[in-house]
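Any value given below was found using the heavy atoms of this structure, including those in side chains, with hydrogens, waters and symmetry copies removed. Because the structure is a prediction, the values reported are computed rather than measured.
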Amino acid sequence: MARTKKRFEQLRMSDITVKGQTLSADFFGERRVRVDSSVLIPGDLATVEEIRRRKDAFDGRLVELIEASPDRTEPWCPHFRSCGGCSWQHASYEAQLRYKGIILRKALADHEDLPSPEAPVLPSPRTIRYRNKLEYSFSTRRWFEDPDAAGEDRRALGFFVPRQNNRVVDIRECFHQEDISDRLRNRVRELALEGGWSFHDPVEHRGLLRTLVIRVTGTGEVMVTLVLYEKLDEAVDAILGKIRDEFPEVSSLYYVINGKMNDAYGDCPAHHYAGETAVYECLGEKRFRIGPQSFFQVNPAQTLRLYDLIGEYANFRGDELVYDLYTGTGSIALFLADRVKKVIGVEYVESTVADARINAGLNDIRNCEFHSGDMKDILTSGFLEEKGRPDVLICDPPRAGMHPDVLETILFSGAERLVYVSCNPVSLGRDLKTLRRNYRVLRYRGVDMSPQTPHLETVMLLERKSDSGDAIHGTIN
């Protein structure tokens, strides 16, 4: 016999989890009620029904919002909640920054003796239309926001529904980018439908059109990349040819062939179709070349403030040897290069390192060198002995954090100061358990790179303990 699901009446929400979910003020036994924060936020009073019982909480769904939180505001996007791209649009920006501060403190809760974070979380200069890159997916499996429209055409061009990796919301208007992005996406959809070109099926892995990538830089340049399952010149000409003719604002056009089972196209051939071969982004006085597969921070205005904070924390004297791990296109290394003696950047993707070297030449920077390969294989004791031990080490790892071998090498390096730039406070907290064997945390601050979402960047300064000198005389693999 199935267990009866609990119903929670007059439930006041009061807290945020480390994953950005909203928690009830009251406990029910040892559990609180947890609801997706795209539905309820702290301060809301609601009736909630249990979906499932977890070890630490009841996962619930909203039945009725009884009283709105004072933090609530009116969402402006017609696709709010369906696509999940702006899951905190219904909370004021001041509240979002406060919630992110809570997330940061909870992620580091295992480190009870840390200093308090520098408050508040650094706000973004722009809270909408701040992204310089969006990827829209073609799909034959449209998510119908209006159930009464379920008999319509099931082809879509937009974003995947959260936790529904085979359903796509057909996006008509998006506030992540300037309106040129809306006009381009909607015209590409029209051209694809008029031409009868097949949309990709994410379950059966067939269908020609896979992804539309739009970059809009702060310099006013626009790059459009069309990702296809296989090469078909007629489709490329019918879509990109029309975009070239109808949109003089578009600076660069590419197409990519991705015949793989997944949508990742970074290692697939990119073919230049028309216009310039690259677009450019500026950070302060530095200029960065961006190709169709280049990585670059998606919020350029806030990136400048982030990099200024990194430089402030590093507190360079001017004579340092700096290591920049997970350097990407070298943007941090090149941004800081004129403040130090030399920067050595290490990055996994060879094509990205090629971009870093191009960007060094573009800015006439000669005190940076870049190396590609798996971080744990490159960053060895031999590499440190050959290149020199860093005075300052900067790391900006992916969301998963750093490999244990890399953490051990950082300890072995003996760097006096370590600036850890994290896009995931949970993995930062985990990595700190190793790093704090030899380093003490001096200061840190949250940085909001992704307004309207729970995502949070953190910059942390660590200093080598005076009694950890023996660590640099050992050996590592």
Side-chain angles (χ1 to χ4, degrees), residues 266-267 286 288-289 291 293-297 303 306-307 310-311 313-314 316 320-363 365-424 427-428 431 434-435 438-439 457 459-462 464 472 475-477:
D267 57 346
K286 302 297 192 303
F288 296 90
R289 179 186 185 276
Q293 292 157 315
S294 299
F295 169 80
F296 201 82
Q297 292 277 6
T303 297
L306 173 71
Y307 288 5
I310 294 169
Y313 276 23
F316 296 120
E320 291 95 345
L321 173 60
V322 177
Y323 279 28
D324 180 24
L325 308 186
Y326 311 93
T327 191
T329 54
S331 57
I332 294 177
L334 298 171
F335 185 82
L336 301 174
D338 57 2
R339 308 184 201 183
V340 301
K341 181 180 180 181
K342 185 176 183 178
V343 185
I344 295 173
V346 183
E347 167 61 38
Y348 177 75
V349 181
E350 171 59 40
S351 61
T352 305
V353 169
D355 286 336
R357 291 171 181 148
I358 290 170
N359 286 327
L362 185 67
N363 292 279
I365 294 174
R366 303 180 184 182
N367 64 335
C368 290
E369 64 178 66
F370 298 99
H371 302 266
S372 65
D374 194 311
M375 192 71 62
K376 65 181 175 56
D377 297 332
I378 287 184
L379 198 67
T380 62
S381 56
F383 185 88
L384 292 172
E385 295 301 333
E386 177 188 352
K387 301 297 181 182
R389 294 179 183 271
D391 300 298
V392 178
L393 194 148
I394 299 169
C395 56
D396 186 5
R399 287 192 61 79
M402 290 189 275
H403 190 281
D405 291 350
V406 177
L407 291 167
E408 292 296 332
T409 305
I410 289 173
L411 297 182
F412 175 79
S413 75
E416 287 297 325
R417 297 188 300 285
L418 168 63
V419 181
Y420 192 134
V421 185
S422 168
C423 61
N424 182 359
S427 58
L428 169 62
D431 288 350
T434 299
L435 293 174
N438 287 14
Y439 289 88
E457 203 96 2
V459 181
M460 178 175 283
L461 172 63
L462 300 96
R464 188 162 66 89
I472 70 171
T475 60
I476 59 173
N477 294 329

By side chain to side chain donor-acceptor pair (under 3.5 Å), R366 pairs with (sequence neighbours left out) D364
Residues in side chain to side chain contact (heavy atoms under 4.5 Å, CB included) contact with S351, at least two apart in sequence or another chain:
V349
Exercise: identify the closest heavy-atom pair between F288 and G330
CE2-O, 4.4 Å
ring-ring contact (aromatic ring centres under 6.0 Å, His included) against F335, all qualifying residues, sequence neighbours excluded:
Y307
Non-neighbouring partners of E385 that pass side chain to side chain donor-acceptor pair (under 3.5 Å), sequence neighbours left out:
R389
Hits for ring-ring contact (aromatic ring centres under 6.0 Å, His included) against F383, two or more places apart or cross-chain, chain-then-number order -> H371
Would you list the pairs meeting side chain to side chain donor-acceptor pair (under 3.5 Å) in which at least one residue belongs to residues 353-362, sequence neighbours left out?
S294-D355
Tell me every residue that passes side chain to side chain donor-acceptor pair (under 3.5 Å) with N367, counting only those two or more places apart in sequence or in another chain.
none
Applying salt bridge (charged side-chain N to carboxylate O under 4.0 Å, His left out) to D338 and not counting sequence neighbours gives K286
Got a sec, which residues hit side chain to side chain donor-acceptor pair (under 3.5 Å) with K341, two or more places apart in sequence or on another chain?
none
Please identify each residue that fulfils ring-ring contact (aromatic ring centres under 6.0 Å, His included) with Y420, with sequence neighbours left out.
none
Sequence-distant partners of F316, ring-ring contact (aromatic ring centres under 6.0 Å, His included), two or more places apart
none
Considering residues at least two apart in sequence or located in another chain, which fulfil the salt bridge (charged side-chain N to carboxylate O under 4.0 Å, His left out) criterion with D374?
none
